[in-house]
Amino acid sequence: MGITDLRGEWLAAKRALFEKYYGRLNGKQREAVFTVNGPVLILAGAGSGKTTVLVERIGYIIRFGNAYMSDYMPSDVTEEDVARLKRALDEPEEEIAKILPSFAVNPCPEYRMMAFTFTNKAASEIKARLGSVGGIDAGFIWAGTFHHICMLILRVHAEKLGYKEGFTVYDADDSKKAIKEAMKAVNADERMLPDAAVIRAISRAKDNLMDPELYERDMAGDLRARAIAQVYRRYQADLKRSNAMDFDDIIMQTVLLLRTFPEVADYYRARFRYLSVDEFQDTNIAQFALIRELTGPADNLMVVGDDDQSIYRFRGATIENILSFDKVYKESAVIRLEQNYRSTSNILDAANAVIAKNRNRHEKSLWTERESGTKVQILPLPNQDREAGFIMKIIKDTVGNGGCRYGDFAILVRTNALCNYLEQHLIRAGVPYRMIGTVRFNTRKEIQDIRAYLSLLVNPDDDQRLLRIVNEPSRKIGAKTLAAIMQIAQQTGQSCFAVMQRADDYEAIPKAARESCKNFTALIGELRQAVDSGKRPDEMIDLVADMSGYRAMLEQDMESGEDRLNNIMELKSTALSIMQRRDDKSLSCFLEELALQSDVDNYDSAADAVVLMTVHSAKGLEFRNVFLPAMEDGIFPNSRALLEGSEGEEEERRLAYVAMTRAKDNLVITYARERMLYGQTSIGLPSVFLADVPDKVKTGPAELREDRRRAVPGHAFPARQKEAEKPVAKPKSEPIPKWREGDAVVHPAFGKGEILSVRPAGPDSILEVVFETAGTKKLMASAARLRPASE
DNA sequence: ATGGGGCTGCTTTTT
DNA sequence: GCAGCCCCAT
């Protein structure tokens, strides 16, 4: 055998061994795993095993480097070696696994690997799966969301940008408040500038890496934009003074850091040899810029995504990132994964038909080897209660038959508001369920309050959080005192906390309040000492609740105090689970995680409960049976989205595509003729998307095919209808309780009482009630939460 | 200074 | 329908 032949045979045998070892993957998936050097774009259709590829590829690089593709051969290889490799092909996998490491070419240590995921849950899944592969210590991989990875960088370098250690992360609620404050401070005209629009504009500016100056320069012509720029500038200054960053800052400031301090960027570029990005279709300009800053000269960057599943345009995600990736990285390999392993062909055909109408997309054809399965059911129901009842019946019947468990069902909705009636029916039907992403747990007042205390211990400069709890529970520090404190803070450039510490020095602070101020700062000081002495976050929650008097306050509250105390205990268990997950058990790490944690992170697919969530939250998940209720024009596609033109409509289509492709075995789509939403009843038409589903893959009444008239955007649902067109309100809609003089009643706050008089007021009536302990009150019958005192 | 009642306005999707 | 906000009564 000549030397060239020997080389060819050895390489072929090596590759055959790798192919066999990765035999569970299909050819395209293996190609994706083995293509490690240089830029790679993987277009991964729904259910095409994207996560598997991502995990296997990272594991492959760590263990074998570029072994498969490399043409390197050791110089001492003999014919006998080649023969041995060929024989090894017939051996079991464990034996092959022992040989493969000897082929390794530049394997990459864990700590030089970075992986961006869309949720924290996805990151822990990747780590867990890699951890189970022999010899990989997944804990050293930097895997996490964009926000998480940026926080890892910012925590080391934020001081270079003028932030202090332990800066606070503002959630959406915090930043909304701060923006409102900023609007007040610059006298922004609320008529012209609804706060929601300002919040969006500022967020969008940050997504596009525009600081206030840049924004102002760019928008110079536009009066409205100039006003927004003013608010933006003020807001940004307030954030800095409070030593806080909002969600968008976390990304933007990191990019700014890397661009302003090349030595910092160089460090990360040198350290991280391989980057991968999941859900690339949902990245925005700032995120792509970040990726480019972090990618070293070798451009070892892999992105996975599916342009058809891009559903975060409203958050600044730009589908252009994925559509033009191969133009930005000219040498990039493009690999398409088009085999779907998840859904039956009927479900897949239905979803494909809906997405096919979009124009701005990479052409692709997903296929499956799975059988056709049951047809997609599309069913009209007279109203939402019948609709929900129908869904409950299917769930209970199927579980009753032993066909499925509750955990096999998901109900996916377009908007959070739809969760309400569905939840009520789930409760009424006694179906165990888990609701994801609606009223977020952390938005409860008591949670935010405790969190405000805790963050004040780490960052005393945060006036907003200080003001939140300085008088909660009451410390006799009222509006007048606080106004004085804030004014002094503003004038002297100090934080409110610093002013309060030296309350005695300021004449403007009422004498009576000075002692309270000092007591408060002393309390915070004491608590901070507890942190410094090594108390863990879960212990600090207790300590804060006790020492601040918050617990005592709740114990006084007969009405809801117990629930709220339980919520605080729940926060403790959140703290414990976060501490379990993270090596860093500090208070600031806990707070950071709390702010950046999303609700899907808590979704437990093992729990035997029906899951109810928005389509957005369901991204990346799969279920045996999926219900898609409220598939009506105006709701899905959402009429507001349609106002944004064809881009909006295409996104709604993608959203529908995501929703449908979550289903493995059964997909049931329903719509109601009559629906009550936002307090109004209205008539609905089936979603336009339903007409695109081919007849041969769906079942349902024939009327579906005739009843299709294209609805005018915004017409089907009443939100923007003119007064005259509003459907006549049903008088029976919500019966106002009829009370009579002399009725014995119970009020949740005032306790027992008796109706003194009833005076009609339109459809409502005004009640005069005398309570046993609370005296006489006048109440509106519809608003007062009165119950008959039956006992 | 505080707390409750009642009015107004909004209501897509979220790290 | 609900939450946030303002105002009024204690």
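Chain letters run A, B, ... following the sequence lines, proteins first, then strands; residues in each count from 1. These figures come from a predicted structure and were not determined experimentally. The figures here come from the full heavy-atom set of this structure, side chains too, leaving out hydrogens, waters and symmetry mates.
The interatomic distance linking E650(A) (CD) with dT13(B) (P) rounds to 22 Å, in whole Å. As rounded to whole Å, 10 Å separates atom P of dT15(B) from atom CG of L596(A). Rounded to whole Å, atom P of dT12(B) lies 21 Å from atom CZ of R653(A). Separating the CG atom of N471(A) from the P atom of dA1(B) is a distance of 9 Å, rounded to the nearest angstrom. One atom, CZ of R200(A), and another, C1' of dT15(B), lie 16 Å apart when rounded to the nearest Å. If you take CG of N638(A) and P of dT14(B), they are 12 Å apart, rounded to a whole angstrom. Here the P atom of nucleotide dT13(B) and the CG atom of L628(A) are 15 Å apart, to the nearest Å. Straight-line distance from the CZ atom of F146(A) to the P atom of dT14(B): 19 Å, rounded to whole Å.
Looking at heavy-atom distances under 4.0 Å, E644(A) makes contact with a base.
In this structure the side chain of T681(A) never reaches within 4.5 angstrom of the side chain of R675(A), judged on heavy atoms.
The shortest distance between the side-chain N/O atoms of N120(A) and the OP1/OP2 oxygens of dT15(B) is not below 4.0 Å. For dT15(B), neither phosphate oxygen OP1 nor OP2 lies less than 4.0 angstrom from any side-chain nitrogen or oxygen of N284(A). Contact annotation: R640(A) reaches the phosphate of dT12(B) (side-chain N/O to OP1 or OP2, under 4.0 Å). For K619(A) and dT13(B), the shortest distance from a side-chain N or O to OP1 or OP2 is not below 4.0 Å.
Side-chain N or O atoms of T481(A) include none that pairs as donor or acceptor with a backbone N or O of I477(A) at under 3.5 Å. Between the side chain of D171(A) and the backbone N or O of D173(A), at least one donor-acceptor pair lies under 3.5 Å.
Aromatic stacking of F314(A) on dT13(B): satisfied, with centres closer than 5.5 Å and planes within an angle under 30 degrees.
Going from the P atom of dT13(B) to that of dG4(C) covers 15 Å, rounded to whole Å.
Taking the six-membered ring where the residue is Trp, F118(A) and Y312(A) present tilted rings, their angle falling between 30° and 60°.
Among dT12(B), dG4(C), dT14(B), the nucleotide with an atom closest to any side-chain atom of K180(A) is dG4(C). Side chain of T415(A), nearest nucleotide from dT11(B), dT14(B), dT12(B): dT12(B). Side-chain proximity of A641(A) to dT12(B), dT15(B), dT11(B): nearest is dT12(B).
Checked for salt-bridge contact, R451(A) and D174(A) meet the test: a charged N lies under 4.0 Å from a carboxylate O.
Looking at which nucleotide of DNA chain B each of R475(A) and S617(A) is closest to, the 5′-most match is held by R475(A).
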